[in-house]
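Let me begin by presenting the structure, written as structure tokens, before commenting on it.
Quick note on labels: first sequence line is chain A, next is B, and so on, each numbered from 1. Worth knowing before you read on, the calculation uses all heavy atoms, side chains too, and leaves out hydrogens, waters and symmetry mates.
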Amino acid sequence: MSTPDTSIEKKETLNFIEQIVKDDLAAGKNGGRLQTRFPPEPNGYLHIGHAKAIAMDFGVAERFGGVCYLRMDDTNPQKEDHEYVEAIERDIEWLGYHWSKVLYASDYFQDLWDFAVALIKQGRAYVDEQTSEQIAAQKGTPTRPGTESPFRNRPVEESLRLFEEMNSGHVEPGRMVLRAKIDMASDNMHFRDPILYRVLNMPHIRTGNKWNAYPMYDFTHGQCDYLEGVTHSICTLEFVPHRPLYDLFVDWMKETRGEDLADHRPRQFEFNKLNLNYTLMSKRNLLILTKEGVVSGWDDPRMPTICGIRRRGYSPESIRKFIDKIGYTTFDALNDVKLLESAVRADLNERATRVSAVLDPVRLVITNYPEGQVEELEVQNNPERPEEGTHTIEFSRNLWIERADFKEEADKKFFRMTPGKETRLKGAYIVDCTGCKKNEQTGEIEEVYCTYDPTSKAGTEGANRKVKGTIHWLSVDHCLPAEVRNYQCLWTCENPRDAIKQYEEEHGVRGIDAMRPFLNPDSICINRNAFVEKFLLTRQPLDYLQFTRTGYYNVDPDSTPEHLVFNSTVSLKEDKGK
RNA sequence: UGGGUCAUGGUGUAAUGGUAACACUACAGGUUUUGGUUCUGUCAUUCUGGGUUCGAAUCCCGGUGACCCAACCA
């Protein structure tokens, strides 16, 4: 199959981070080097919000001739797993980005340990033996300064000895932590003697049983950036208050290691993270949805995860296009999913193979078409791209059409099939509707009748007359049954995150119980009465399709020739008359 | 009532002291063998009050509103 040219068109304006990078490069900062990193924690699946960060981290490096490493931020073995490492790599590749190296924060555990020991010796860190409750109580509040720990000024040797013990495996988690000695009265809460190391006594996915005490995020990230040679450490806005601490630890590390090259220093920049209306993004909440069975898994097509979106039928190009459109700023935006849908429609319009599928069938009999006659008609795979060729579809006397495409009595806004009016059967003939048969009890329409104009075959001269309505169809004896899963938003409210939080506060419940009131009961609708054309047997899992006049669909990975399964990606845009 | 960040149409982004632009949505219409696509048109005195300036979305001051920070998470 040929691939449409969907390469991202070059943007004319730079976002504020690209501008900084460009200026830094022009000024010869960092010795003219550009290095970024994408640092996910392997504790869950990537979602579309990560795609925005990926597009920034890899994108800026690509654009300005730098490098971008993938660095797993694996400092908390309680939550991390190989499963996630593999999924993260798979998803980044699917999005079309390439890392020059995969690194792990745990690669630097020894450096961080040595650095921590040095800080203790310098009197800049101490082991605190208070409980977490005591430490929290002493932290103060944003409006009230904290108080100093009674262990703050303990002898260096004592801290050194206890720090070693923390890593021995014989100290109970929670018994003691290593803290930096900074300022318990700082306006920045992160400066109130932050915790550097905690005891977990737990094997790590990479380092096994080597370590029992593990470094915290703030004591890891900047130093890893520094040791790796990252020049621009780009992250989201919630890390703005961490930046002074990031800089402080980098300074301390430079000083301790005696490396005072002014150029050799990473700097942190922050952009707004992706918020989408009718979408819940946080990993914690997505985990609840999978655990509670609200969705079938991380790759449920309703999930905002990369794997969910992929299974739903989105193309990587459409996601990149969307991210390109929403841009990067420092404004806390709530983006409209309609922009994402428009991006996927634009992309799929270019690449999706057009096929016929009847989702709610009613029988149409062409009374003047000979019984037993079958014609093989040629239909275009994609009218937007004639070079994609054609495929054949059988036509006969008995067809399936959509129930909604026939009305016994129609107003003038309805221009599909109705008695006494001509309708075009797409790619076949023009027909004249003659009537229908109804169930005597229920009044339900059981069959629709029409006659065809044999001179109006598609592609011939006789087809060239104006017919207002065109409908799709399938030959009853030549189509296949299929399961079609139709999806809608998982949430009924624009901002589920806030709605859930508010519900938690008002009703004193948490987790799934606070989510249930906002879940859309119609988010999945499984249709087992659908029919599709035989041509679909040739399609592969995840292939992009358009069910003509209905929407974009793709082949679910569970689909087999014996049991065809399709997922709705997004509907076609609809004009109101319908 | 502390600190940090932010504010441009319904949504998001641009305009780097000089005519407020673009995309999406919505609405109206043309084309069309998909009520799709495509094409045309319509929709803002830039949160507010003052100041600086020949000139302010942009710079300064005061309001107002929103978000982030008090995890041994990242």
Ion pair present between Arg71(A) and Asp225(A), side-chain N to carboxylate O less than 4.0 angstrom?
yes
Counting only Watson-Crick pairs (N1-N3 plus N6-O4 or O6-N4) and G-U wobbles (N1-O2, O6-N3), all under 3.5 Å, who is the partner of rU34(B)?
none
Nearest-Å distance, NZ (Lys338(A)) to P (rU11(B))?
12 Å
Watson-Crick or G-U wobble partner for rA28(B), using a 3.5 Å limit on both distances?
rU40(B)
Nearest-Å distance for atom pair NZ/C1', residues Lys412(A) and rG35(B):
17 Å
Rounded to whole Å, the CZ-C1' distance (Phe271(A) to rU13(B)) equals 16 Å
When you check the gap from the basic side-chain N to the acidic O, do Glu317(A) and Arg351(A) get nearer than 4.0 Å?
yes
Presence of salt bridge, Arg549(A) and Glu402(A), under 4.0 angstrom:
no
Val240(A) side-chain proximity, nearest of rG4(B), rC72(B), rA14(B)
rG4(B)
Minimum-distance nucleotide (side-chain atoms of Gln78(A) versus rC73(B), rG35(B), rG2(B)):
rC73(B)
Can you check the distance between rA21(B) and rC60(B), where both ends of the measurement are the P atom (answer in whole Å)?
25 Å
In whole angstroms, the gap separating P of rG4(B) from NE2 of His190(A) amounts to 13 Å
For rA21(B), give its Watson-Crick or G-U wobble partner with both distances under 3.5 Å, or none.
rU13(B)
Side chain of Asn349(A) (C-beta onward), nearest among rC6(B), rG36(B), rC73(B)
rG36(B)
How many whole angstroms separate atom CD1 of Ile195(A) from atom C1' of rC69(B)?
16 Å
Side chain of Phe331(A) - closest among rC24(B), rC6(B), rG36(B):
rC6(B)
Do the side chain of Glu270(A) and the base of rU5(B) come within less than 3.5 angstrom through a donor-acceptor pair of N or O atoms?
no
Taking only side-chain N and O atoms of Thr329(A), does any of them lie within less than 4.0 angstrom of OP1 or OP2 on rU13(B)?
yes
Considering only atom C1', compute the distance from rG65(B) to rC47(B) and round it to an integer number of Å.
8 Å
Any idea how Tyr246(A) and His221(A) line up, ring-wise: parallel (<30°), tilted (30 to 60°), or perpendicular (>60°)?
tilted
Could you give the distance separating rA57(B) and rU25(B) at their P atoms, to the nearest angstrom?
30 Å
Checking only heavy atoms, does the side chain of Glu384(A) share a donor-acceptor pair with the base of rG36(B) at less than 3.5 Å?
yes
Assign Phe547(A) to base, sugar-phosphate, or nothing according to its heavy-atom contacts below 4.0 angstrom with the strands shown.
nothing
Any donor-acceptor pair under 3.5 Å between the side chain of Arg549(A) and the base of rG35(B)?
no
Using atom C1' in both nucleotides, what's the gap between rC22(B) and rA44(B) to the nearest angstrom?
14 Å
Could one point to a donor on the side chain of Arg354(A) or the base of rU34(B) with an acceptor on the other under 3.5 Å away?
yes
Could you tell me how far apart Gln380(A) (CD) and rU37(B) (C1') are, to the nearest whole angstrom?
13 Å
Classify the ring geometry between Phe109(A) and Trp211(A) as parallel (under 30°), tilted (30 to 60°) or perpendicular (over 60°).
perpendicular
With rounding to the closest Å, how many angstrom separate the C1' atoms on rU13(B) and rA20(B)?
13 Å
Parallel, tilted or perpendicular, judged at 30° and 60°: which one describes the rings of Phe395(A) and Tyr429(A)?
tilted
Taking atom C1' in both rA28(B) and rC61(B), compute the distance separating them and give it to the nearest angstrom.
47 Å
Check the distance between rC73(B)'s C1' and Tyr217(A)'s OH and give it to me in whole angstrom.
11 Å
Tell me whether the OP1 or OP2 atom of rU32(B) has a side-chain N or O from Lys466(A) closer than 4.0 Å.
yes
Is the shortest distance from a Lys or Arg side-chain nitrogen in Lys283(A) or Glu41(A) to a carboxylate oxygen in the other one below 4.0 Å?
no
Pair of N/O donor and acceptor under 3.5 Å linking rA74(B) base with His242(A) side chain
yes
So, OP1 or OP2 of rA74(B): does either fall under 4.0 Å of a side-chain N or O from Arg198(A)?
yes
Picking from rU33(B), rC6(B), rU34(B), which would you name as closest to the side chain of Arg424(A)?
rU33(B)
Scanning all shown strands, the Watson-Crick or wobble mate of rC67(B) with both distances under 3.5 Å is rG4(B)
Pairing partner of rG62(B), by Watson-Crick or G-U wobble and under 3.5 Å for both distances, is rU48(B)
Length of the CD1-P vector between Ile393(A) and rU34(B), whole Å
16 Å
